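Side chains are part of it too, since the values below use all heavy atoms of this structure and drop only hydrogens, waters and symmetry mates. Since the model is a prediction, treat every value here as computed from it, not as a measurement. Both ligands and their constituent atoms are indexed starting at 1 by order of listing.
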Amino acid sequence: MTEPPATTPDPHPVDQPHVHGASVELRSVTKHYEAGERGPGAVNDLSMRVPAGRICVLVGPSGCGKTTTLKMVNRLIEPTSGRILVDDRDIASQDPIALRRGIGYVIQQVGLFPHQTIGQNVAIVPSLLGWETARRVARVDELLELVGLDPARYRDRYPSQLSGGERQRVGVARALAADPPLMLMDEPFGAVDPIVRERLQEELLRLQARMTRTILFVTHDIDEALRLGDLVAVFQAGGVLAQLDTPQAILAAPASEFVARFVGADRGLKRLSLTRVRDLEPSPVPTATVGEPAAAGHARLAVATPGIPAGWLLLVDAAQRPLGWVPSARIPTEGVLGATLAEPTGAILTPWMSLRDALSVMLDAEVVTGVVVDAEGLVQGALTIDRLADTLRA
Ligand SMILES: Nc1ncnc2c1ncn2[C@@H]1O[C@H](COP(=O)(O)OP(=O)(O)OP(=O)(O)O)[C@@H](O)[C@H]1O
Ligand SMILES: [Mg+2]
């Protein structure tokens, strides 16, 4: 298989290169903040399992118990009842401090230490673990780089000298510092603008493709949840788990009216963004190579290609790279097919493009049939808008 281009990591890697994760399991976990509290607690009879190496995104309206759930996993809060297992070991019997050293935690309000520099903040866990200075310093720079903060500029500043979004990124770097097998991330990208947010999401997925750890990630944002999660846990008020499944399954079959409303009316379009061009088998397309006799082009068009609009021939170069579509009326009656015959505007679909982006490119092109190319840009076939619609109906 070819490597994905750097900007579009595969969120669901098939071959997990290096799983370095811890499974997390909650068994009938309930949390009442006040003793003897009546009615639903902050978290209510919650059972879920996240396999090692997966990203599970907890999503739901404010106050539905997401933060409480995370804090029970690293024992900042103790459940009223129920059990929590990390790597199949009950955490209630583990030393909370030792437990937390193995769990990266990005808290909702970042929580940097104000009197320590950014570098010192990022190095907190490595310092606790007794890393030697050189290794610690190198790690700090590597992580600041990773979250898009120039180490030379940021390392020696104090948190008050950073913007809210920059502080959030430091929080993420700090949680990653000791490379823990389990990360708890509570709205880690909440305070950054959409462009930086998207970059951080991509970074997280890229990191995950390289070094697979288990992540419980909290967000309000359903799109972020669907994009990042191998699994998405949709919560509703009262700390009730409404659905836990893959993004595809949730979009295809929401378990309740609540989940359907929460994922939104544009469910179909969201499903398109989860599927990539390479996931579909392209239809065959009539092609002709530059320099071939015009008669050969006519002959190829005379044979109907299922699923492809009649009367269009795809002109390719000698290497099979697409040059453009030629309408049958422009094919000369004699001579050879020249490159100038091709109308340049056609939709080119690359393997890692989401079907949603593919649809957008196709709607923008003069010829709405998309030409599917492989990673080297060679023609593989074509996709029509009807095919995309069929995919959604399936
Ligand atoms: N220390 C506390 N004492 C009492 N009640 C609390 C405490 N912390 C949270 N709660 C309540 O428990 C419920 C769940 O809170 P939690 O912080 O887990 O929600 P959340 O899903 O993270 O919300 P948000 O999306 O707004 O961060 C809320 O009703 C909240 O008011
Ligand atoms: Mg919260």
Practice task
Indicate yes or no: does Arg227 engage Glu202 in a salt bridge with an N to O separation below 4.0 Å.
Solution key: yes
Completion exercise
If we number the atoms of ligand 1 from 1 as shown, the ones under 4.0 Å from a heavy atom of His220 are 25 (O)
Exercise for the section: Work out which heavy atom in Glu334 is nearest to a heavy atom in Ala294; give both atom names and the distance. Expected result: O-CB, 3.9 Å
Handout entry: Approximate separation, where rounding is to 0.5 Å, of Leu314 CG and Gln320 CD
Key = 9.0 Å
Practice task
Look at atom 10 (N) of ligand 1 and say which protein heavy atom is nearest, naming residue and atom and giving the distance to 0.1 Å.
Solution key: Tyr33 CE1, 3.3 Å
Practice task
Can you pull out the closest protein heavy atom to atom 26 (O) of ligand 1? Residue, atom name and distance to 0.1 Å, please.
Solution key: Ser62 OG, 2.5 Å
Practice task
In plain terms, say whether Arg89 and Glu25 are close enough for a salt bridge, that is, a side-chain N and a carboxylate O under 4.0 Å apart.
Solution key: no
Practice task
Compute the minimum heavy-atom distance from Lys71 to ligand 1 and say whether it is under 4.0 Å.
Solution key: no
Handout entry: Protein N/O/S atoms closer than 2.8 Å to the Mg ion (ligand 2)
Key = Thr67 OG1, Gln108 OE1
Handout entry: Under-4.0 Å salt bridge between Asp266 and Arg271
Key = no
Problem - Sub-3.5 Å N/O-N/O distance, Ala42 and ligand 1 - result: no
Fill in the blank from the handout: ligand 1 atoms nearer than 4.0 angstrom to some heavy atom of Cys64 are 19 (O), 21 (O)
Exercise for the section: Could you tell me which residues satisfy ring pair (Phe, Tyr, Trp, His ring centres under 6.0 Å) with Phe262, sequence neighbours excluded, listed by chain and number? Expected result: Phe258
Practice task
Can you pull out the closest protein heavy atom to atom 27 (O) of ligand 1? Residue, atom name and distance to 0.1 Å, please.
Solution key: Gln108 NE2, 3.0 Å
Completion exercise
Heavy-atom proximity to atom 15 (O) of ligand 1, picking from Thr68, Thr67, Thr69, points to Thr68
Exercise for the section: Would you indicate whether the side-chain heavy atoms of Val373 and Pro322 approach each other to under 4.5 Å? Expected result: yes
Handout entry: Distance-only polar pair, side chains of Thr67 and Asp186, donor-acceptor under 3.5 Å
Key = yes
Practice task
May I ask you to decide whether Arg197 forms a salt bridge with Asp221, counting only side-chain N to carboxylate O separations under 4.0 Å?
Solution key: yes
Practice task
Count the heavy atoms belonging to other residues, nucleotides or ligands that lie under 6.0 Å from CD of Gln161, then report whether that count exceeds 12.
Solution key: yes
Completion exercise
Nearest non-hydrogen contact to atom 21 (O) of ligand 1 from the set Glu34, Lys66, Glu187 belongs to Lys66
Completion exercise
atom 29 (O) of ligand 1 has as its nearest protein heavy atom Gly63 O, 3.8 Å
Problem - Polar proximity ligand 1 side, Gly60 side, N/O cut 3.5 Å exclusive - result: no
Problem - Charged tip of Arg278 within 45° of Trp352 ring normal and under 6.0 Å - result: yes
